[in-house]
Protein chains: 2
Amino acid sequence: MTETRPADSFPAPEHDHSECIESALAAAEETCRRRGLRFTPIRRRVLELIWQNHEPVGAYHLLDQLSRDGRRAMPPTVYRALEFLVEAGLVHRLATLNAFVGCAHPDHAHQGQFLICRDCRRVVEMESARVGHSLRREAEALGFSVEEQSIELTGLCPDCSQAH
Amino acid sequence: MTETRPADSFPAPEHDHSECIESALAAAEETCRRRGLRFTPIRRRVLELIWQNHEPVGAYHLLDQLSRDGRRAMPPTVYRALEFLVEAGLVHRLATLNAFVGCAHPDHAHQGQFLICRDCRRVVEMESARVGHSLRREAEALGFSVEEQSIELTGLCPDCSQAH
DNA sequence: GCGGGGACTGTTATATTATACCACCGCGCG
DNA sequence: CGCGCGGTGGTATAATATAACAGTCCCCGC
Ligand SMILES: [Zn+2]
Ligand SMILES: [Zn+2]
Ligand SMILES: [Zn+2]
Ligand SMILES: [Zn+2]
């Protein structure tokens with residue numbers, strides 16, 4: 001039972017975010033290559049747009065931005081790309097927001113716990129094995145076999161919490 | 001830190017469900033009376049419809065049933081009733097399904113964990129203090145102050161699990 | 001009684017999120 | 001070549017949710 005990883009915390013406001021984008025795209029490229037998945041231009045572009053910052057993005061917001069690229073995108077286009085990215089574990093869907101956020105640990109299968117700041121809207125993905133296991137254990141004590149988890153906590157991030 | 005309550009488990013298929021409805025309505029009546037909330041006919045009727053079984057219900061399904069009552073209900077009518085019931089803790093909204101389910105423990109404030117069977121669609125509300133606390137603790141270790149939790153597990157209930 | 005205010009409901013319109021469905025294209029493969 | 005399949009383009013529509021404003025009812029203070 002490992003502890004929450006140190007990488008799981010709210011990014012400093014002044015961090016080099018282009019770094020985040022670069023490494024997310026590189027990791028995606030690598031993941032798809034290894035698994036024989038096709039990382040097409042649309043999929044790549046959608047992932048890049050999702051990573052523009054650490055806030056979740058709605059499908060129709062992505063659609064707007066794709067249109068601004070010059071390609072006349074329609075809803076199915078972006079939903080298909082999102083479906084692929086979620087399926088591939090490169091993106092998570094936040095059920096409480098109907099929005100999508102880049103996955104912080106695309107290298108391995110997992111189901112994280114999301115901390116969503118209601119003020120600045122930034123999201124962090126925790127990956128606490130303790131929580132995952134105890135949830136699964138209690139569910140199975142009731143005879144329930146878990147297939148998917150959706151765990152989303154809304155509140156205030158450290159920065160917004162300090163700023164009252 | 002109490003354990004999961006024994007009441008939190010999937011109801012036997014042959015249980016007397018009219019009992020469930022009765023007691024949910026009685027508890028709602030009592031809760032509203034104590035807190036000075038108005039348990040109006042629409043709100044009562046929506047709660048009754050939600051409790052028709054142990055599956056989550058969509059707002060527009062409730063709308064259909066209200067219309068069948070004779071009252072020409074419009075979306076805001078049912079959404080207002082739902083907002084009231086959720087606010088009062090008599091109903092929970094399941095974000096992963098965009099649907100609503102009766103609360104099993106309306107007598108006290110809480111944030112449960114939901115087990116959702118993807119086959120029979122029944123839902124059970126666990127209330128594991130252990131999970132709640134460890135989630136909160138880990139989130140606060142990252143400086144995050146939790147205000148709301150949404151925890152929903154999808155899988156197979158004991159009955160559906162046995163039936164393959 | 002009467003008037004004001006607040007909570008509730010009725011009604012219209014619209015916003016937001018998501019999917020069904022069909023046509024086309026490009027490419028690998030027999 | 002002819003076929004199948006994954007990806008994309010495009011239209012239409014489904015499903016979920018809210019904005020905004022008008023009417024109604026009831027309590028309460030005067
Ligand atoms: Zn960043
Ligand atoms: Zn914040
Ligand atoms: Zn029952
Ligand atoms: Zn089941």
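Scope of the values below: all heavy atoms of this structure, side chains included, with no hydrogens, waters or symmetry mates. All values derive from a computational prediction rather than experimental measurement. So you know, we letter chains A, B, ... as the sequences are listed, proteins then strands, and number each from 1.
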Atom [atom1] of [X] to atom [atom2] of [N]: distance rounded to whole Å?
{"X": "Leu82(A)", "N": "dG7(D)", "atom1": "CG", "atom2": "P", "value": "15 Å"}
{"X": "Ile42(B)", "N": "dT11(C)", "atom1": "CD1", "atom2": "P", "value": "11 Å"}
{"X": "Glu87(B)", "N": "dA7(C)", "atom1": "CD", "atom2": "P", "value": "14 Å"}
{"X": "Arg80(A)", "N": "dA20(C)", "atom1": "CZ", "atom2": "P", "value": "12 Å"}
{"X": "Phe84(B)", "N": "dC8(C)", "atom1": "CZ", "atom2": "P", "value": "7 Å"}
{"X": "Leu63(B)", "N": "dT16(D)", "atom1": "CG", "atom2": "P", "value": "11 Å"}
{"X": "Leu97(A)", "N": "dT17(C)", "atom1": "CG", "atom2": "C1'", "value": "13 Å"}
{"X": "Leu62(B)", "N": "dT16(D)", "atom1": "CG", "atom2": "P", "value": "11 Å"}

Handout entry: More than 12 heavy atoms from other groups under 6.0 Å of CD on Glu148(B)
Key = no

Problem - Residues Gln52(B), His61(B); criterion side-chain hydrogen bond (donor to acceptor under 3.5 Å, both in side chains); working and verdict - result: CA-CA 12 Å; Gln52(B) 282 312 109; His61(B) 184 235; over 6 Å; no

Is the shortest side-chain N/O distance from [X] to OP1 or OP2 of [N] below 4.0 Å?
{"X": "Tyr79(A)", "N": "dT19(C)", "result": "no"}
{"X": "Asn98(B)", "N": "dA17(D)", "result": "yes"}
{"X": "Thr40(A)", "N": "dG7(D)", "result": "no"}

Practice task
Please answer: with hydrophobic residues joined when any side-chain heavy atoms are less than 4.5 Å apart, are Val57(A) and Leu49(A) in the same cluster?
Solution key: yes

Practice task
Looking only at side-chain atoms of Arg38(A), point me to the closest of dG10(C), dA18(C), dG7(D).
Solution key: dG7(D)

Exercise for the section: Before accepting this row, confirm whether a basic side-chain N of the pair Arg33(A)/Glu29(A) lies closer than 4.0 Å to the acidic partner's carboxylate O. Expected result: no

Problem - Salt-bridge criterion met for Glu83(B) and Arg80(B) (N-O under 4.0 Å) - result: no

Fill in the blank from the handout: Between Pro75(B) and His61(A), the residue closer to the 5' end of DNA chain C by nearest nucleotide is Pro75(B)

Exercise for the section: Report yes if the ring of Tyr60(A) lies under 5.5 Å from the six-membered base ring of dT16(C) with planes under 30°, and no otherwise. Expected result: no

Exercise for the section: Answer yes or no: side-chain N or O of Arg43(A) and base N or O of dG7(D) forming a donor-acceptor pair under 3.5 Å. Expected result: no

